[in-house]
Amino acid sequence: MSKPVHHPHSLPFIIFIFFLLSIHDSHQLQPSQSQAILNIQQLLNYPPALTIWDQATDFCNTDPTPYLTLSCYEDNITQLHIIGFGGNSTWVPPLPPSFSDSFFTTLSALPTLKVLSLVSLGLWGPLPSSISTLSSLEILNISSNHFNGSIPQEISSLRSLQTIILDNNQFTGQVPGWFSSLPCLAVLSLKNNSLSGTLPYSLASLQNLRILALSNNKLSGEIPPLLGLTNLQTLDVGDNQFGPHFPITSNKTVTLVLRKNRFGFGIPAELSSFYHLQKLDVSSNRLAGPFPPSLLSLPSLSYLDIAGNKFTGILSKNTSCGAELGFVNLSSNRLTGELPACLRSNSSGKVVVVYAGNCLSKSGGGQRPISVCRNEALAVRIMPQKRGRKPVGKVVLGSSLVGGLGGIIALCGLLLLATRKVFAKQGIKSARATLILEKVSPAYTIKLLSDARYISETMKLGALGLPLYRTFALEELKEATGNFGTLNLIGKRSECKVYKGMLTDGTPVAIRCLKMRKRHSIQSYTHQIELISRLRHRHLVSTVGHCFECYPDDSSVSTIYLVFEFVPNGTLRSYISGQKFNWTQRISAAIGVAKGIQFLHTGMVPGVFANDLKITDVLLDHDLHVKISNYNLPLLDDTRSQLGSAGAFLTEQNEQNRGISHEDKKDVYDMGVILLEIIVGRAIMSQSAITVAKDLLQVSLGTDDAGRRSIADPAIQKECSDESLKTLMEISVRCVSIEPKDRPSVEDVLWNLEFAAQVQVQAPGTDYSDSENTQGSPILSPKPTVSVTSI
């Protein structure tokens with residue numbers, strides 16, 4: 001009997017076929033829901049993106065696009081995302097007036113729908129009451145449309161709602177009190193509408209509320225006491241008419257935005273114990289009284305803006321600052337004394353300070369005479385005394401009864417008090433006139449910002465563990481690199497070469513050699529070298545020095561040598577895809593990248609934006625702390641454009657379409673791509689790969705814990721807490737939004753990452769060590785596009 005023939009490759013092939021079949025094996029969508037989707041196609045006037053849909057389409061297995069995503073669970077549709085461009089997109093023709101009613105009536109055939117996003121579709125008219133038929137709805141996002149009228153009460157019947165986003169519409173009327181009937185509500189965002197009236201006190205009963213965003217409306221009156229909302233993290237009520245009392249919130253508040261309202265009196269003393277507070281913006285109000293310097297030392301505070309108020313008080317140079325502080329605006333108040341040394345010397349290397357329009361001594365230009373602030377402060381103190389005239393009168397009467405001498409003394413006291421009030425009023429008038437006459441010009445403001453953001457000498461002298469930035473002699477660099485020998489050449493592209501070198505003191509460096517194509521004097525490069533010398537931060541590959549090589553005939557510069565720190569410890573990608581980093585280390589690395597980007601944006605004027613960041617630009621020092629190695633430096637602009645860098649700036653067409661620059665959001669997008677790779681654990685190297693990863697995360701966010709873990713890198717599935725993983729998924733999806741205006745700020749990204757780290761360390765059986773506790777050095781890694789230490 002002949003032996004059977006064995007095919008060694010048949011088993012993997014069978015497994016592969018079974019895997020494919022398992023992917024496409026799906027439950028049959030209910031006919032009513034299939035017909036509803038086809039009706040939506042008809043209502044949208046058969047846009048080109050949906051022409052492939054027909055009766056035979058398996059809707060639950062259609063590929064998601066940037067404009068439309070469908071998600072199913074078993075035989076029911078659970079998520080529907082439709083995104084356009086303000087109703088003017090070529091794939092969504094102009095919608096008829098009856099579209100909104102017809103659309104929501106059609107949606108009633110999807111009773112299991114949990115997530116509904118209808119963004120920028122040009123929907124208009126009142127929000128149809130038929131939305132109440134979506135009884136399973138958990139997330140409702142109809143932002144950036146033209147809905148008007150009041151918010152329909154029918155939404156109150158959707159008891160499972162967790163998120164309501166109605167931003168950028170034209171809703172009018174009051175904020176409904178029936179929001180309190182939604183027990184699961186965690187996010188309520190009504191920004192950029194025309195809502196008016198006062199806030200209902202019933203909002204204070206929403207125990208699960210985490211975000212309350214009401215900015216840019218016409219709301220007024222007092223904000224209800226929110227002290228009992230212990231889960232509230234963000235309160236954004238800017239650009240309204242709230243006041244005059246300062247709102248009362250829990251000390252667990254993280255973001256408090258009250259700018260451009262009518263808040264008066266002063267900042268409550270309790271605010272100095274808000275140790276979780278990261279952003280406080282009370283600018284452009286009517287706040288007065290002493291400014292509490294203790295706010296500067298709050299451990300988590302990174303953004304503080306009190307500009308445009310009437311705060312008084314004496315600042316001391318010995319006032320301490322928190323380690324996370326990144327932006328401080330004290331301008332246009334009545335502060336005296338001296339700017340704190342922690343702000344003046346900027347020893348942390350990242351604090352942006354604006355303080356014009358006060359009366360600070362030893363603080364350069366933009367300050368007013370000390371008499372102005374003293375008169376203003378005196379006026380503030382005297383105002384309450386007007387209500388004290390009757391008691392004074394009683395004292396006079398009482399004294400006169402005792403004796404004539406007492407009456408005379410009291411009368412003299414009243415005369416002195418009246419005299420002080422007259423002079424105080426004159427002081428107020430003169431102070432107001434001074435404000436008008438001394439209004440700082442834009443040109444001077446830019447110079448003031450530049451001076452305030454200048455990286456301190458203390459930091460340059462080695463606070464980062466780096467040698468002092470200096471000018472090198474060419475002979476030193478030749479000695480360090482073996483006369484620029486080929487054995488030390490570690491990168492080469494176009495007119496740029498990178499050499500590894502060792503200085504005489506044993507410091508390893510990476511030396512970048514830039515051949516100049518045009519002849520210019522050394523003076524022509526002085527400003528650019530100065531900018532480069534300021535980029536010294538624990539999460540950046542920092543500069544050590546430079547050297548000019550000149551032509552002998554006319555002394556013009558032939559080559560510029562830029563010297564950077566160097567350590568050989570690999571890229572972040574190698575530690576993610578190589579499964580060397582656990583979940584807490586990945587979060588720590590992401591926090592470091594966000595802080596590096598934040599410094600690039602705010603550490604100097606002008607900020608360094610659109611840096612074309614990739615995960616291969618994120619390098620690791622000896623202590624496995626991250627460093628960003630790719631900067632959009634002015635000196636490298638010609639090289640970057642010559643090498644075809646993938647988008648240092650938004651395209652001209654996109655800028656014209658948006659009518660506004662979003663230069664900081666390009667880096668936020670790149671940060672989002674890095675986060676996607678950190679989560680899924682595999683290399684993301686194309687736009688299609690980004691889209692696929694984003695869609696996977698969007699779908700998983702609507703599932704349970706097990707569903708989310710199935711999307712994550714298998715190496716960290718068991719160790720990451722669900723809340724930590726979900727937080728990273730949510731912020732990464734927001735970062736890679738198509739529209740730059742929809743992407744979060746760097747500060748928002750950083751807050752979410754630190755929150756993820758916090759909940760992870762609180763989870764049982766985990767350990768987290770902050771990457772900020774120790775300092776380290778970055779390394780060099782070659783890549784196709786130009787970066788600081790690689791090409």
What residues, two or more places apart in sequence or in another chain, satisfy ring-ring contact (aromatic ring centres under 6.0 Å, His included) together with [X]?
X	result
Y275	none
Y669	none
Y575	F581
H546	Y469, F548

For this session: Measure from the side-chain N and O atoms of S724 to the backbone N and O of A756, and report whether any donor-acceptor pair falls under 3.5 Å.
Result: yes
Exercise. Counting N and O atoms only, with roles assigned by atom type, does the side chain of K515 sit under 3.5 Å from a partner on the main chain of T559, one being a donor and the other an acceptor?
Worked result: no
Got a second to check how far [X]'s [atom1] is from [Y]'s [atom2], nearest 0.5 Å?
X	Y	atom1	atom2	value
L474	E479	CG	CD	12.0 Å
R534	R536	CZ	CZ	13.5 Å
I490	R512	CD1	CZ	11.5 Å
I679	I674	CD1	CD1	12.0 Å
Q760	L728	CD	CG	10.0 Å
N611	D667	CG	CG	4.5 Å

For this session: Go through the steps for Y631 and F564 under the test ring-ring contact (aromatic ring centres under 6.0 Å, His included), then give the verdict.
Result: CA-CA 12 Å; Y631 313 147; F564 297 90; 7.0 Å; no
Where is the tightest heavy-atom contact between [X] and [Y], given as atom of each residue plus distance?
X	Y	result
S533	T543	CA-OG1, 3.7 Å
N630	L613	O-CD2, 3.5 Å
I560	M516	CD1-SD, 3.9 Å
N752	T727	O-CG2, 3.4 Å
G681	I576	CA-CG2, 3.9 Å
A757	I591	CB-CD1, 4.0 Å

Are the side chains of [X] and [Y] in touch, meaning some heavy atoms are under 4.5 Å apart?
X	Y	value
V736	K694	yes
S732	L697	yes
C547	V563	no
I738	D742	no
L753	L675	yes
M671	V749	yes
L572	I678	yes
K497	L489	yes

For this session: Given side-chain hydrogen bond (donor to acceptor under 3.5 Å, both in side chains), test H81 with Q79 step by step and report yes or no.
Result: CA-CA 7 Å; H81 304 263; Q79 294 191 38; 2.8 Å; yes
For this session: Not counting sequence neighbours, list each pair that qualifies as a side-chain hydrogen bond (donor to acceptor under 3.5 Å, both in side chains) and has a residue in residues 702-712.
Result: D705-R709, R708-D722
Pairs flagged by ring-ring contact (aromatic ring centres under 6.0 Å, His included) wherever [range] is involved - sequence neighbours left out:
range	result
residues 700-741	none
residues 709-731	none
residues 712-751	W751-F755

Below 4.0 angstrom, N of the basic side chain to O of the carboxylate: do [X] and [Y] qualify?
X	Y	value
R734	E730	no
R470	E476	yes
R586	D713	yes
E754	K595	yes
D612	K614	yes

Exercise. Who passes disulfide bond (SG atoms under 2.5 Å apart) against C321, sequence neighbours left out?
Worked result: C342
For this session: List the steps and the verdict of side chain to side chain contact (heavy atoms under 4.5 Å, CB included) for L503 and F472.
Result: CA-CA 10 Å; L503 301 180; F472 286 87; 3.8 Å; yes
Got a sec, which residues hit side-chain contact (heavy atoms from CB on, under 4.5 Å) with [X], two or more places apart in sequence or on another chain?
X	answer
K279	T255, V257, Y303
S688	S686
M685	R573, A683

Exercise. Below 6.0 angstrom between ring centroids: does that apply to H601 and F609?
Worked result: yes
Exercise. What is the ring orientation for Y499 with F484, classed by angle as parallel under 30°, tilted 30 to 60°, or perpendicular over 60°?
Worked result: perpendicular
For this session: Go through the steps for L562 and I511 under the test side chain to side chain contact (heavy atoms under 4.5 Å, CB included), then give the verdict.
Result: CA-CA 6 Å; L562 300 178; I511 303 172; over 6 Å; no
For this session: Start with the C-alpha distance between I522 and C550, add both sets of side-chain angles, then the distance that settles side chain to side chain contact (heavy atoms under 4.5 Å, CB included), and finish with yes or no.
Result: CA-CA 8 Å; I522 291 178; C550 302; 3.8 Å; yes
For this session: Begin with the C-alpha distance, continue with both residues' side-chain angles, and end with the deciding distance and a verdict on side chain to side chain contact (heavy atoms under 4.5 Å, CB included) for M729 and I711.
Result: CA-CA 10 Å; M729 286 183 168; I711 301 300; 4.2 Å; yes
